[in-house]
Amino acid sequence: MFVGELSQDIKTLTGVGKKTREDYENLGVHTLCDLVSMTPRGYEDRSHRICIGRQNADDGSWTNTFVRVESVSEFGPGRKNVKIIVRDTENNQKAFLMGFNRTYLSKTVFPGAFYHLYGNVTPYGTGLTASQFELKPVREDDLIVTGDLLLDQGILPVYALSGALTQKTLRRDVKAALSIVGHIDDEIPQSLIDKYRLMPLDKAFREIHFPSSDKSLKEARRALAFREVFYLQLETKRRPPVERKRHAIDSRTYAAETKFIESLPFTLTADQVKVLDEIRKDMSGPESMNRLLQGDVGSGKTLVAWVSALHAICDGAQVAFMAPTELLARQHAQVAANLFKDTGVTVAFLNGEVHGRPRQLLLDQLKAGNIDLLIGTHALFSKDVEYRNLRYVIIDEQHRFGVEQRRALLEKGIEPDVLLMTATPIPRTLALTVFGNLNVSTIRTMPKGRLPVITYLVDDSKRDKMYEAVGVEMKRGHQAYFVYPRIDDEGNSDLRDVESMYRFLSTEKYPAFRGTLIHSRLPEEEKIAILNDFAAGKLDYLVSTSVVEVGIDVPNATCMVVEHSENFGLSALHQLRGRVGRSTLQSWCFLVYEKTITEDGKKRLSVLRRTNDGFEIAEEDLKIRGPGELSGLKQSGFLHLKFADLEKDVSMMASARDEVDAILASDPGLISLDNAVIRQVLALK
Ligand code: ADP
Ligand code: MG
C-alpha cells in the first residue's frame with residue numbers, strides 16, 4: 001500500500017490517549033501516515049560504548065556506558081533535585097548525575113545496582129557531571145555475559161516535540177506504526193528507481209527512523225528526498241489545461257482605496273507603494289498573479305495585503321486570507337475588521353471550530369457573495385466551503401503550508417490571483433526551481449522611526465542583571481515577553497518550562513507587576529482574551545511558549561527574553577525578536593543560553609546579535625549549517641519540504657525536474673504502465 005493510504009487515526013496505537021493525541025495534533029500528526037512521514041530532526045548514536053570521561057565535545061556524541069550506582073540523595077528546596085553518584089564498570093571513573101526536578105529518580109534508582117547510562121557527562125569543577133542523562137537498569141548477569149551487546153541500541157531518532165511528548169513516546173509510537181503498516185509501496189516509476197539506484201521506499205521509511213548504519217541512513221534520505229522533489233515538480237508542472245475563465249482585475253486605483261490609504265495613521269513606505277503597484281499590474285494581466293512578497297517581520301507586508309485586498313474587492317472580487325494558526329488568523333481578522341470598518345467591506349472569520357447553524361449561515365453568505373473578505377486557517381478550503389467569486393487568495397507565512405494545502409485553496413476559485421507572504425527570504429533562482437513561474441516583491445525598508453532591537457546573549461551569570469533590566473522597562477510602563485521551550489515539567493525534561501518559570505517570575509522577581517502565562521494547551525478563547533489584555537496594557541508581561549512567534553503586534557512591548565535560545569532555529573528567533581521593536585521605542589532581546597551550548601550554537605546565536613536584517617540572518621543560517629546535518633532545511637523554514645534540502649540537493653532537484661519534464665512531454669496523461677504508479681499516487685492527494 002502507499003504511505004498516503006495509512007489513514008488510520010494515531011489513537012489506534014496502543015498507549016496513545018486523548019492527551020497524547022492532542023500533542024501530536026500540534027505537530028501536525030493525525031494519522032499513521034503523518035507519523036511515519038515525520039522526519040527526525042537528528043539522531044543519537046548509541047551503537048558503541050563511550051566511557052565516562054571519554055566523551056568528545058567535538059563530535060557531539062554523549063557518554064554511553066554501564067555504571068554502578070554508589071549513592072542517591074535528594075537536595076535543594078523541597079528536596080526536588082536528585083544527585084546520583086555512579087562509577088563506570090570499565091574504567092572506574094566517577095560521575096555526578098544531577099537530576100533537577102526529577103524526584104522520581106530517588107525512587108527508581110538504587111545504590112549498588114547496575115545501569116546503562118546515556119548522557120552528556122562533562123567536566124565541572126574538579127569532577128565530571130551530567131544534568132542531561134538517562135539511566136536504564138541492567139541485570140548484573142547480563143552485564144558480565146553479554147557485555148557490549150546490551151549497549152547496542154543502534155542509532156536512535158530525535159524528533160521535534162510538543163506538549164508532554166517525549167522522545168521515548170515518539171520512538172515507541174513510530175516503531176509500533178512501522179510494525180503494523182505492512183509493506184509500503186514505491187511511488188516512483190521503476191525505471192527511475194533503477195536509474196538513480198534509489199532505496200525501496202519501504203526500507204527507506206524504516207531506515208530514516210531507525211537507521212542500521214550511517215550509510216543506509218543517507219540512502220534512505222536520498223530516496224525520500226527524490227520522491228519528494230519529484231512530486232513537487234510534478235504538481236507545479238502538471239497544470240491541467242483549463243478554459244480561460246479568468247477575470248482580470250482593473251489596474252486603476254479605486255477611490256475607496258485612495259481614501260483608505262489616506263485614512264491610515266501613517267504614510268506608506270516607498271517599498272509598500274512599489275509593491276502595491278506591482279500587485280495591481282499583475283492582477284490586471286491575462287495570467288493570474290503568482291507573487292511572493294518577502295519582507296522582514298514588521299516591515300508592513302500585511303498592510304500591503306489589506307490594501308491589495310481592498311483593490312480586488314472594489315473590482316467585485318471575493319478575497320480569502322489564510323494564516324497558519326488560529327491565533328494569528330483571529331488577530332488578522334480583528335485588525336481587518338477594524339481597518340475596514342468605514343469602507344463597506346464585509347469581513348468574516350472562519351475556523352474549524354465553527355459548527356452547526358452559525359457555520360451554515362456564514363457559508364450561505366459566502367456562497368451568495370455577501371462576504372468580501374474571508375479570513376481563517378486551513379478551514380478556508382474545507383470541503384463544504386464554497387465561494388461565489390474567489391479571485392484573490394492571500395497566504396500569510398506561506399512556508400507553513402504544504403503545496404497541497406495551497407492548491408486546495410486555489411481550487412476554490414477560478415484561477416485566482418495569489419499573493420504569498422513570507423518573512424523568510426529565499427533566493428529567486430531557488431524560488432523559480434521550486435514554484436515554477438513566480439514573481440518576487442521585496443520590502444526592504446522598515447517604517448520610519450523604528451530603532452533596531454538591541455540583542456544580548458545571556459549566560460547564567462548575567463541572568464540577574466537581565467531580570468533587573470526587564471524590571472526597569474516594565475516600571476517605565478513597557479511590556480515584556482518571556483519565552484520557554486516547554487509548557488511544564490511533565491516530561492521530566494531539563495529545560496526550563498513556562499509553568500515553573502511563571503511561578504518563579506511572579507513570586508520572586510516581579511511580584512509587583514501583572515503577568516500571566518499562555519501556551520498552546522489553553523482554550524483558544526482564553527488565549528485570545530490574554531493577548532487582548534496584553535495588547536490593551538492590562539498585563540506587564542507574558543510567559544509563554546513560542547505561540548507568540550508569529551504575527552502578534554503589541555507596539556508597547558520592548559523586551560523579549562528567550563530561554564534555551566540554542567534550541568531554537570535562527571529564523572524562529574528572528575521571528576520572536578520581531579515581536580518587539582514595533583514602535584519608536586527602543587527594544588531589547590535577551591537570548592539566554594545554557595552552559596551546555598556548543599561552539600557552533602554560540603556562533604549561530606551571535607549572528608542575531610550582529611544583525612537585525614532577516615535576509616542576512618537567513619543567509620548566515622545557510623552558511624553556518626555544515627554539510628551532513630539532517631535538520632538543515634527545516635531551519636531555513638521556507639518550504640515545507642521534509643526530506644530534501646534546498647541547498648544540498650540542488651542537483652537532485654534538477655534531475656527530478658528533467659525527469660518530470662520528460663515524462664510529461666512523452667506521456668502527458670500518465671497512461672503508460674511505468675507511469676501508472678504516478679497516477680495512483682496523485683489520485684490519493
Ligand atoms: P508584517 O506583516 O510585515 O510583519 P505588518 O503589516 O503587520 O508587518 O506591520 C507591522 C506594524 O507596522 C503594524 O502595526 C502596521 O500597522 C504598522 N505599519 C505598516 N506599515 C506602516 C508604515 N508605512 N508606517 C508605519 N507603520 C506601519
Ligand atoms: Mg505578518
Side-chain angles (χ1 to χ4, degrees), residues 257-258 260-279 291-311 321-325 327-341 343 373 375 394-400 419-426 440-453 479 481 531-532 534-537 548-558 560 571-585 587 589 612-615 617-618 637-638:
E257 260 176 274
T258 315
F260 177 77
I261 292 169
E262 279 168 2
S263 76
L264 293 171
F266 43 74
T267 48
L268 298 182
T269 64
D271 279 352
Q272 285 175 317
V273 171
K274 179 197 72 184
V275 174
L276 278 167
D277 283 343
E278 288 169 345
I279 292 175
R291 190 170 276 279
L292 176 70
L293 172 52
Q294 43 178 16
D296 225 338
V297 276
S299 62
K301 295 181 297 295
T302 314
L303 193 88
V304 165
W306 298 137
V307 179
S308 64
L310 180 59
H311 175 68
F321 185 113
M322 181 162 73
T325 65
L327 202 63
L328 205 49
R330 261 184 211 267
Q331 273 228 334
H332 282 316
Q334 271 168 8
V335 169
N338 192 33
L339 276 175
F340 289 125
K341 68 176 184 289
T343 57
L373 173 59
I375 299 167
I394 302 167
I395 302 181
D396 192 21
E397 309 289 343
Q398 67 85 23
H399 59 275
R400 299 200 162 207
L419 183 70
L420 307 167
M421 298 199 284
T422 182
T424 314
I426 177 173
V440 181
S441 291
T442 305
I443 300 187
R444 284 193 180 274
T445 46
M446 283 288 183
K448 263 217 295 288
R450 297 273 171 90
L451 296 170
V453 178
Q479 291 159 288
Y481 298 99
L531 287 174
N532 283 342
F534 190 66
V548 295
E549 184 188 330
V550 274
I552 287 163
D553 191 16
V554 180
N556 187 50
T558 58
M560 169 60 69
S571 47
L573 288 173
H574 183 61
Q575 288 276 351
L576 282 170
R577 179 168 62 181
R579 296 309 109 217
V580 296
R582 298 176 79 84
S583 71
T584 51
L585 299 170
S587 291
C589 175
N612 267 306
D613 179 340
F615 291 87
I617 287 165
F638 180 75

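Indexing begins at 1, ligand by ligand and atom by atom, following the structure's order.
- Contact annotation: for Thr267 versus ligand 1, heavy atoms closer than 4.0 Å belong to the backbone alone.
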Show your reasoning for whether side-chain contact (heavy atoms from CB on, under 4.5 Å) applies to Leu264 and Trp306. CA-CA 12 Å; Leu264 293 171; Trp306 298 137; over 6 Å; no

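- Close contacts between ligand 1 and Asp296 involve ligand atoms 3 (O) [criterion: under 4.0 Å to a heavy atom].
- Closest to atom 9 (O) of ligand 1 by heavy atom, among Ser299, Gly295, Gly300, is Gly300.
- Results of the side-chain contact (heavy atoms from CB on, under 4.5 Å) test with Val304 over Leu268, Leu293, Asp271, Val273 single out Leu293 as the only residue that passes.
- Heavy-atom proximity to atom 12 (O) of ligand 1, evaluated over Gln331, Arg450, Gln272, Gln575, is greatest for Arg450.
- Under a 4.0 Å criterion applied to the non-hydrogen atoms of Leu303, ligand 1 contributes the atoms 6 (O), 20 (N).
- Under 4.0 Å from ligand 1, not a single heavy atom of Met421 appears.
- Not one N or O on the side chain of Thr442 forms a donor-acceptor pair closer than 3.5 Å with the backbone of Arg444.
- If you check each of Thr302, Thr584, Val335 against atom 2 (O) of ligand 1, the one with the closest non-hydrogen atom is Thr302.
- Below 3.5 Å of separation, one finds an N or O of Gly298 facing an N or O of ligand 1.
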Worked check of side-chain contact (heavy atoms from CB on, under 4.5 Å) between Arg579 and Val554: CA-CA 7 Å; Arg579 296 309 109 217; Val554 180; over 6 Å; no

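- Looking at Ile443 against ligand 1, nothing comes within 4.0 Å, counting heavy atoms.
- Asn612 contributes a side-chain N or O that, together with a main-chain N or O of Val453, makes up a donor-acceptor pair within less than 3.5 Å.
- Side chain of Lys301 to main chain of Asp296: a donor-acceptor pair is present (N/O by atom type, distance under 3.5 Å, no hydrogens or angles).
- Gln294 places no side-chain N or O within donor-acceptor distance of the main-chain N or O of Val440, the cut-off being under 3.5 Å.
- The backbone N or O of Gly300 lies less than 3.5 Å from a partner atom in the side chain of Gln272, making a donor-acceptor pair.
- Geometrically, ligand 1 and Pro447 share no nitrogen or oxygen pair separated by less than 3.5 Å.
- Close contacts of ligand 1 with Leu268, meaning ligand atoms under 4.0 Å from a residue heavy atom, involve 23 (N).
- The two atoms that bring Leu373 and Ala336 nearest to each other are CD2-CB, 4.3 Å, heavy atoms only.
- Residue contacts with ligand 1, taken as heavy atom pairs separated by less than 4.0 Å, involve Thr269 via backbone and side-chain atoms alike.
- Of all the listed residues (Lys301, Lys448, His332), Lys301 holds the heavy atom that lies closest to atom 3 (O) of ligand 1.
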